[in-house]
Amino acid sequence: MIEKLHKLKKSQTDQKLMQKGQIMARLNHIDTEILFTEDKINTTSVQRHGAISDFAVLAIHRNTMKMYITKLEVEKNNLNTQLEVIIEEVIELQKETEQFAYMLEEQRQEEIKRLLLVEEEASSEYIQSKYING
């Protein structure tokens, strides 16, 4: 039973670590997207002798990109919050896994002690029977 619980906690920990990896990948993607969008804001321009309306379109375009960056930053903050929760869950699951591993080791040690006692009794009985018969 303890071994099953130990395996369960281990698999739950692995699942949480995979979730953490997915969130980290998403965060990296968001960071890349933010840098790309900021670069677009800084490099977008209009023709030098274009109409005045080009400047208005450019301003709208830049504002749209800034709103997109804000949206990405909100998503990034949400992902960071999720990441913190997952890290706490992983730590808790690892503690539980270690506790079950310790309990399993204790069980194994007790089983070894029991087997040694059985062997010692059998050996003692064998020596006594040899001594009596001999």
Side-chain angles (χ1 to χ4, degrees):
M1 181 66 174
I2 293 175
E3 190 169 347
K4 288 181 182 179
L5 289 171
H6 179 259
K7 287 180 182 179
L8 172 68
K9 293 301 177 181
K10 230 176 164 179
S11 67
Q12 287 176 337
T13 302
D14 292 342
Q15 289 173 346
K16 290 295 179 182
L17 289 173
M18 287 190 310
Q19 284 180 341
K20 178 185 172 193
Q22 291 171 343
I23 289 176
M24 295 291 288
R26 181 69 182 133
L27 285 171
N28 287 337
H29 176 72
I30 288 173
D31 285 338
T32 303
E33 191 72 24
I34 288 173
L35 288 173
F36 178 73
T37 306
E38 286 175 345
D39 185 51
K40 282 175 98 179
I41 289 173
N42 294 334
T43 59
T44 302
S45 62
V46 292
Q47 292 180 356
R48 185 168 247 195
H49 300 291
I52 293 178
S53 65
D54 287 348
F55 291 103
V57 169
L58 179 63
I60 291 170
H61 180 64
R62 284 186 173 161
N63 288 339
T64 303
M65 286 191 281
K66 287 178 184 176
M67 286 176 40
Y68 179 64
I69 288 175
T70 304
K71 177 185 158 197
L72 288 174
E73 287 174 347
V74 167
E75 184 179 354
K76 182 179 175 181
N77 290 337
N78 289 338
L79 288 172
N80 278 326
T81 303
Q82 289 178 8
L83 186 63
E84 289 174 12
V85 168
I86 286 176
I87 288 172
E88 289 174 12
E89 290 174 347
V90 165
I91 290 170
E92 192 61 37
L93 286 169
Q94 285 176 333
K95 286 179 184 178
E96 291 173 2
T97 302
E98 288 175 13
Q99 288 173 345
F100 286 120
Y102 178 78
M103 292 168 72
L104 278 173
E105 186 60 32
E106 287 294 313
Q107 272 185 341
R108 288 184 188 117
Q109 292 296 326
E110 288 177 20
E111 184 65 23
I112 290 171
K113 286 178 185 177
R114 191 185 64 74
L115 288 173
L116 287 174
L117 283 174
V118 168
E119 277 185 31
E120 184 180 335
E121 287 176 14
S123 173
S124 177
E125 289 175 8
Y126 176 76
I127 291 174
Q128 286 176 2
S129 69
K130 281 291 197 181
Y131 182 72
I132 292 173
N133 292 333

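- To the nearest 0.5 angstrom, R114 atom CZ is 11.5 Å from I112 atom CD1.
- No donor-acceptor contact under 3.5 angstrom links the side chains of Q107 and E111, judged on distance only.
- At least one side-chain heavy atom of I30 sits less than 4.5 Å from a side-chain heavy atom of E75.
- Using a 4.5 Å cut-off on side-chain heavy atoms (C-beta onward), T64 and I60 make contact.
- Counting heavy atoms of neighbouring residues, nucleotides and ligands inside a 6.0 Å radius, atom CD of E120 does not exceed 12 of them.
- Separation of atoms CD (E98) and NE2 (H6) is listed at 9.0 Å; rounding is to 0.5 Å.
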(request) With side-chain contact (heavy atoms from CB on, under 4.5 Å) as the test, would you mind laying out the steps for K16 and Q12 before giving the verdict? (result) CA-CA 6 Å; K16 290 295 179 182; Q12 287 176 337; 5.6 Å; no

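- Panel note: side chain D39, backbone L35; no donor-acceptor pair is recorded below 3.5 Å.
- Here the side chains of K4 and L8 are not in contact, with every heavy-atom distance at 4.5 Å or above.
- L93 and I87 fall into different hydrophobic clusters, where Ile, Leu, Val, Met, Phe, Trp and Tyr side chains are chained together by heavy-atom contacts under 4.5 Å.
- Contact record, L79 with I23: O-CG2, 3.6 Å, taken as the closest heavy-atom pair.
- Within the model, atoms OG1 of T32 and CG of L27 stand 10.5 Å from one another, a figure rounded to the nearest 0.5 Å.
- Within the 4.5 Å cutoff, no side-chain heavy atoms of R62 are placed close to those of K40.
- Remark: E3 pairs with K7 by the salt bridge (Lys or Arg N to Asp or Glu O under 4.0 Å) rule, at least two apart or across chains.
- The distance from atom CG of L116 to atom NZ of K113, rounded to the nearest 0.5 Å, is 10.0 Å.
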